[in-house]
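Worksheet: one structure, shown below.
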There are 2 protein chains.
Amino acid sequence: MRPNKRDELVRNALDVFYRDGFHATGMDKLVAETGISKTSMYKHFRTKEDLILAVLRLRDERFRNWFCRRVEEIAEAPKDRLLAVFDALEEWFKSPEFKGCMFIKAVSEFQNPEDPIHIQSATHKRMLLEFVQGIAAQARVTDPGTLARQLMLLKEGAIVTAVMQGEAKVAADAKAAARILIAAAARC
Amino acid sequence: MRPNKRDELVRNALDVFYRDGFHATGMDKLVAETGISKTSMYKHFRTKEDLILAVLRLRDERFRNWFCRRVEEIAEAPKDRLLAVFDALEEWFKSPEFKGCMFIKAVSEFQNPEDPIHIQSATHKRMLLEFVQGIAAQARVTDPGTLARQLMLLKEGAIVTAVMQGEAKVAADAKAAARILIAAAARC
DNA sequence: CCATTTGTTTACTGATTTGTCAACTTATAA
DNA sequence: TTATAAGTTGACAAATCAGTAAACAAATGG
């Protein structure tokens with residue numbers, strides 16, 4: 001099998017799942033939107049769940065690549081990079097493709113903690129936390145773990161609020177709160 | 001129509017939707033789990049969407065009643081009440097019924113901002129924000145609106161993180177962050 | 001007693017769900 | 001040329017989706 005067609009399927013399926021949701025997207029809709037026949041899909045992926053897992057893997061790779069690189073581009077000093085997390089977040093919110101966090105939505109639809117989709121989504125969040133925790137460790141704060149977890153709470157809250165109330169001021173509020181938390185963590 | 005049967009249907013449907021999700025729950029499953037016939041359901045609610053909206057109304061009423069009363073029980077002084085938000089949150093996370101926020105899940109499944117389900121979920125969050133903002137206004141801080149919005153970011157982030165990573169330490173992290181934000185808002 | 005309301009059961013649409021099947025085409029490569 | 005593999009179409013399962021129709025039971029209320 002050439003990897004081309006398979007990857008093309010995953011790329012297109014990502015857009016549809018991201019736009020319409022997982023349960024609301026049937027395989028027939030994917031046939032119509034991707035132009036790839038159903039038989040071919042089931043040759044690449046045994047089940048719909050397998051396809052969703054591949055989609056989430058691609059989303060994780062794309063998003064973490066973009067987000068981490070962007071944070072490191074925006075600022076140099078570790079403490080500035082902790083703030084840059086929220087600048088990158090704002091860019092994401094304001095981009096026309098923004099439709100919330102795919103992993104929060106996945107967990108909302110597959111709530112069973114033992115579901116592979118749930119597990120993979122939680123892993124994505126854990127890896128993002130580790131990225132931020134790494135920066136916090138370089139920033140010479142007393143408790144990098146706690147600070148990183150708190151900043152991630154602001155980030156997740158900002159995502160959910162941006163989806164529900166619109167993006168106005170959300171990223172700015174989160175960034176202002178982050179600045180206070182970072183300053184407090186550095187003062188000790 | 002007696003209100004009894006209708007309310008019983010909404011109460012039972014709430015449990016099923018909360019446990020299994022909206023799209024993943026068919027009307028036949030509701031027939032099996034509630035014992036109420038499908039014809040009766042469609043006499044009370046024209047569509048599944050109408051039933052979901054009634055379920056969300058009940059959830060909003062129950063949750064806001066419990067949450068706001070609990071916050072006011074736990075503490076007296078406005079600043080303490082702002083912190084009590086996160087004590088109530090922790091109680092919720094640790095309760096055996098906790099399965100995340102029904103409104104975040106609803107918005108995840110009905111993403112169109114013009115969808116009545118989406119709108120009603122956003123309204124719930126806005127009313128909770130107003131409750132916290134009222135307390136912040138009593139607390140004599142410089143910018144009650146900003147502080148309230150920031151505390152709500154922590155709250156939403158804590159909910160999402162509790163679902164994804166388990167509740168350990170999440171509420172405590174959020175509360176510690178809230179304490180810092182409240183102190184900073186009062187110092188000015 | 002009679003009419004209305006409220007609820008029931010059973011069966012039924014017509015569309016859609018995930019997933020499979022056989023037959024066919026096309027490209028690659030030995 | 002011939003074999004292999006990838007991809008195609010279109011029909012097909014068996015179950016489930018939201019929603020409806022018809023006939024009936026029982027309680028309520030005038």
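The structure presented is a predicted model; accordingly, all values stated were derived computationally and were not measured. A, B, ... follow the sequence lines: proteins, then strands. Residue 1 opens every chain.
- Going from atom CE of Met41(A) over to atom C1' of dA6(D) covers 15 Å, rounded to whole Å.
- For the pair Lys43(A) NZ and dT9(D) C1', the interatomic distance rounds to 12 Å; values are reported in whole Å.
- The CZ atom of Arg46(A) sits 9 Å away from the P atom of dG19(C) (whole-angstrom rounding).
- Under the salt bridge (charged side-chain N to carboxylate O under 4.0 Å, His left out) criterion, Lys125(B) pairs with Glu156(B), sequence neighbours left out.
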For nucleotides 11-18 of chain C, 5' to 3', base contacts (B), sugar-phosphate-only contacts (S) and non-contacts (-) with protein non-hydrogen atoms under 4.0 Å give ------BB
Verdict with reasoning, Thr34(A) to Met41(A), per side-chain contact (heavy atoms from CB on, under 4.5 Å): CA-CA 10 Å; Thr34(A) 67; Met41(A) 289 183 180; 3.5 Å; yes
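- Taking the six-membered ring where tryptophan is involved, the planes of Phe110(B) and Phe22(B) are perpendicular, since the angle between them exceeds 60° and thus also 30°.
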Distances under 3.5 Å only, N/O to N/O: pair up the protein atoms with those of nucleotides 24-26 of chain D.
none

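- Within the structure, the salt bridge (Lys or Arg N to Asp or Glu O under 4.0 Å) test picks out the following pairs touching residues 75-89 of chain B (sequence neighbours left out): Asp87(B)-Lys175(B).
- Phe93(A) pairs by the ring-ring contact (aromatic ring centres under 6.0 Å, His included) definition with Phe98(A), not counting sequence neighbours.
- Listed pair Ser37(A) / dT8(D) meets the phosphate criterion, a side-chain N or O lying under 4.0 Å from OP1 or OP2.
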Assess the residue pair Tyr42(A) and Met27(A) against the criterion (side-chain contact (heavy atoms from CB on, under 4.5 Å)); give the C-alpha distance rounded to whole Å, side-chain angles, the decisive distance to 0.1 Å, and a yes or no. CA-CA 10 Å; Tyr42(A) 279 99; Met27(A) 299 301 270; 3.4 Å; yes
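- Aromatic ring centres of Phe67(B) and Trp92(B): separated by at least 6.0 Å.
- Every pair tested for ring-ring contact (aromatic ring centres under 6.0 Å, His included) that includes a residue from residues 127-174 of chain A fails, sequence neighbours excluded, so the list is empty.
- Rounded to whole Å, atom P of dC17(D) lies 14 Å from atom CD of Glu109(B).
- If you measure from atom NE2 of His44(B) to atom P of dT5(C), you get 14 Å, rounded to the nearest angstrom.
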